[in-house]
Chemist: 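Quick one: the structure is below, and I'll ask about it shortly.
Order of the sequence lines sets the chain letters (A, B, ...), proteins ahead of strands, with each chain counted from 1. Values in this document were obtained by computation on a predicted structure and should not be read as measured data.
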2 protein chains.
Amino acid sequence: MRHDSRLSRMLHVLIHMDRHDGSATSEVIARMLNTNPVVVRRTMAGLREQGYVHSVKGHGGGWTLSRPLEQISLLDIHRALGSPEVFAIGLAIDHPTCLVEQSVNAALQDAFAEAEAILISRFGNVTIADVARDFDDRFQRSTEKPGPGSCH
Amino acid sequence: MRHDSRLSRMLHVLIHMDRHDGSATSEVIARMLNTNPVVVRRTMAGLREQGYVHSVKGHGGGWTLSRPLEQISLLDIHRALGSPEVFAIGLAIDHPTCLVEQSVNAALQDAFAEAEAILISRFGNVTIADVARDFDDRFQRSTEKPGPGSCH
DNA sequence: ATGTTCCGTAACAAGATGTGTTACATAACC
DNA sequence: GGTTATGTAACACATCTTGTTACGGAACAT
């Protein structure tokens, strides 16, 4: 696969869970995301550990939100997923003895650090509720009768 | 491997080439970078196509710079390498029919676009000569007698 | 109690990509 | 023609995300 899509998937599913009464099973979520129930459990495990969702075993069980979307930022989810590497480009080696390579590393790291700081700051300032609100706008524009609906 | 280190490697070798009279063979460059001559040719091919370096076959041949480092930015090299994907994080799917996922994509793409714009802008504003100058500073601090030297 | 429905997790396959390596063709210079 | 280079195809390898199978454990239904 080309890149890590777990953040995208988790935001997607959390909004659906918010707009859906009761709990959702890994099976149902997997169909939403066009993937496998095991992948769902694996990915949501981090969110559960951080207290953003709750899982219940057995009949009638499944996944539920543990707190309102207003209280969860994109950064929270990014971190719950283990703060995966942001960049696909990186240094050849981390601590080179070559002074030339040290300068190259410094130049690149500066640039990466600046870009990452922007991204992380942005993630921290956007809640999932903000994204859900944007969905409401799109939904309203796409239908005559606005309301809390979804595409699944 | 974890990530794309071609940019880092190319900056490294271009500075060495600048501080080294005559041409350098793929063999010599490969030893600098702790890699293989074929990898060097493969990676430098893009730089040659864009006119940053020149290669000569046969006895006495090798690689030479086609223009001063002042005229090559980090962005130039990034593009010469085919503008590889900057981020290791991405969207689940590109053009979803699901309105929720469309909102998620929009939020993430906004954030990524902003961060990438910063990174690209930074790359565009730094020439390899700037990096080489930083090397000169480090070299001077590391010895009594400053001068155009390298670690290889 | 037993079966059904869930999650939890280990184990392994698949696909993609950067990299390493071998092999061979081609070109330039001795 | 032989030597020294690059150019490039072909394939192996490592790593990582994702997909899949398998099985264990917990909760609820009957």
Side-chain angles (χ1 to χ4, degrees), chain A residues 1-10 12-13 17 22-49 52-64 66 78 81-94, chain B residues 1-10 12-13 17 22-49 52-64 66 78 81-94:
Chain A
M1 277 59 189
R2 211 164 75 269
H3 51 218
D4 189 337
S5 63
R6 289 177 298 165
L7 176 60
S8 168
R9 287 176 155 184
M10 289 300 98
H12 184 184
V13 73
M17 286 169 67
S23 62
T25 66
S26 304
E27 178 81 29
V28 168
I29 294 173
R31 267 196 293 272
M32 273 182 199
L33 302 180
N34 273 308
T35 180
N36 193 287
V38 177
V39 174
V40 172
R41 291 185 201 118
R42 185 193 293 157
T43 312
M44 308 251 309
L47 278 62
R48 184 188 52 230
E49 283 162 22
Y52 302 122
V53 296
H54 183 68
S55 64
V56 174
K57 291 182 175 183
H59 192 98
W63 299 85
T64 49
S66 296
H78 174 69
L81 293 172
S83 297
E85 193 63 44
V86 168
F87 296 106
I89 301 177
L91 310 177
I93 57 175
D94 271 334
Chain B
M1 278 58 190
R2 209 162 77 269
H3 50 219
D4 189 335
S5 63
R6 288 177 297 167
L7 176 59
S8 168
R9 285 177 158 184
M10 288 302 98
H12 184 183
V13 73
M17 286 169 67
S23 62
T25 66
S26 304
E27 178 81 28
V28 168
I29 294 172
R31 265 197 293 273
M32 273 184 200
L33 302 179
N34 271 308
T35 181
N36 193 287
V38 177
V39 173
V40 172
R41 290 184 202 119
R42 185 193 292 158
T43 311
M44 309 245 320
L47 277 62
R48 181 188 55 228
E49 283 162 23
Y52 302 122
V53 295
H54 183 68
S55 64
V56 174
K57 292 183 176 182
H59 192 98
W63 299 85
T64 49
S66 296
H78 174 69
L81 293 172
S83 297
E85 194 63 43
V86 168
F87 296 105
I89 300 177
L91 309 177
I93 56 177
D94 271 333

Chemist: Residues in side chain to side chain contact (heavy atoms under 4.5 Å, CB included) with B:Ala92, at least two apart?
Modeler: A:Ser5, A:Ser8, A:Arg9, B:Glu101

Chemist: Can you tell me the distance, in whole Å, between the CZ atom of A:Arg31 and the P atom of D:dT20?
Modeler: 14 Å

Chemist: Can you measure B:Met10 atom CE to C:dT19 atom P for me and round it to whole angstrom units?
Modeler: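 Going from B:Met10 (CE) to C:dT19 (P), I get 9 Å.
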
Chemist: Compare the minimum distances between each of C:dC6, C:dG8, C:dG20 and the side chain of B:Arg9, then state the nucleotide with the smallest one.
Modeler: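 Of C:dC6, C:dG8, C:dG20, C:dG20 is nearest to the side chain of B:Arg9.
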
Chemist: Taking only nitrogen or oxygen atoms into account, show me every contact under 3.5 Å that the protein makes with nucleotides 21-23 of chain C, one pair per line with its distance.
Modeler:
{"unit_1": "C:dT21", "atom_1": "O4", "unit_2": "B:Arg42", "atom_2": "NH2", "d": "2.8"}

Chemist: If you check every side-chain atom of A:Thr25, which of D:dT6, D:dA29, C:dC7 has the closest atom?
Modeler: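 My answer, after comparing the listed nucleotides, is C:dC7.
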
Chemist: Taking the side chain as everything from C-beta on, heavy atoms only, tell me whether A:Ser55 gets closer than 4.5 Å to A:Met44.
Modeler: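 No. Closest side-chain heavy atoms not under 4.5 Å.
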
Chemist: OP1 or OP2 of C:dC6 less than 4.0 angstrom from a side-chain nitrogen or oxygen of A:Ser55, does that happen here?
Modeler: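 For C:dC6, OP1/OP2 do not have a side-chain N/O of A:Ser55 under 4.0 Å.
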
Chemist: Roughly how far, to the nearest 0.5 Å, is CD of B:Glu85 from NE2 of B:His3?
Modeler: 15.5 Å

Chemist: D:dC16 P sits how many Å from B:Asp4 CG, rounded?
Modeler: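 Whole-Å distance recorded here is 15 Å.
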
Chemist: Sequence neighbours left out, what passes ring pair (Phe, Tyr, Trp, His ring centres under 6.0 Å) with B:Phe87? Give chain and number order.
Modeler: A:Phe87, B:Phe112

Chemist: Side chain to side chain contact (heavy atoms under 4.5 Å, CB included) with B:His54: which residues, sequence neighbours excluded?
Modeler: B:Val56, B:Thr64, B:Ser66

Chemist: Quickly work out the B:Leu81 CG to C:dT19 P distance and round it to whole Å.
Modeler: 10 Å

Chemist: My understanding is that only residues two or more places apart in sequence, or in another chain, count here; which of them pass salt bridge (Lys or Arg N to Asp or Glu O under 4.0 Å) with A:Glu27?
Modeler: A:Arg31

Chemist: Between D:dA5 atom P and B:Met44 atom CE, what is the distance in whole Å?
Modeler: 15 Å

Chemist: Return no unless some side-chain N or O of B:Ser26 is found under 4.0 Å from OP1 or OP2 of D:dT6.
Modeler: yes

Chemist: Rounded to whole angstrom units, what separation is found between the CD atom of A:Glu27 and the P atom of C:dC6?
Modeler: 9 Å

Chemist: Could you tell me how far apart B:Asn34 (CG) and C:dG18 (P) are, to the nearest whole angstrom?
Modeler: 21 Å

Chemist: What residues, two or more places apart in sequence or in another chain, satisfy side chain to side chain contact (heavy atoms under 4.5 Å, CB included) together with B:Asn34?
Modeler: none

Chemist: Mind calculating the distance between NZ (A:Lys57) and C1' (C:dT5) to the nearest angstrom?
Modeler: 12 Å

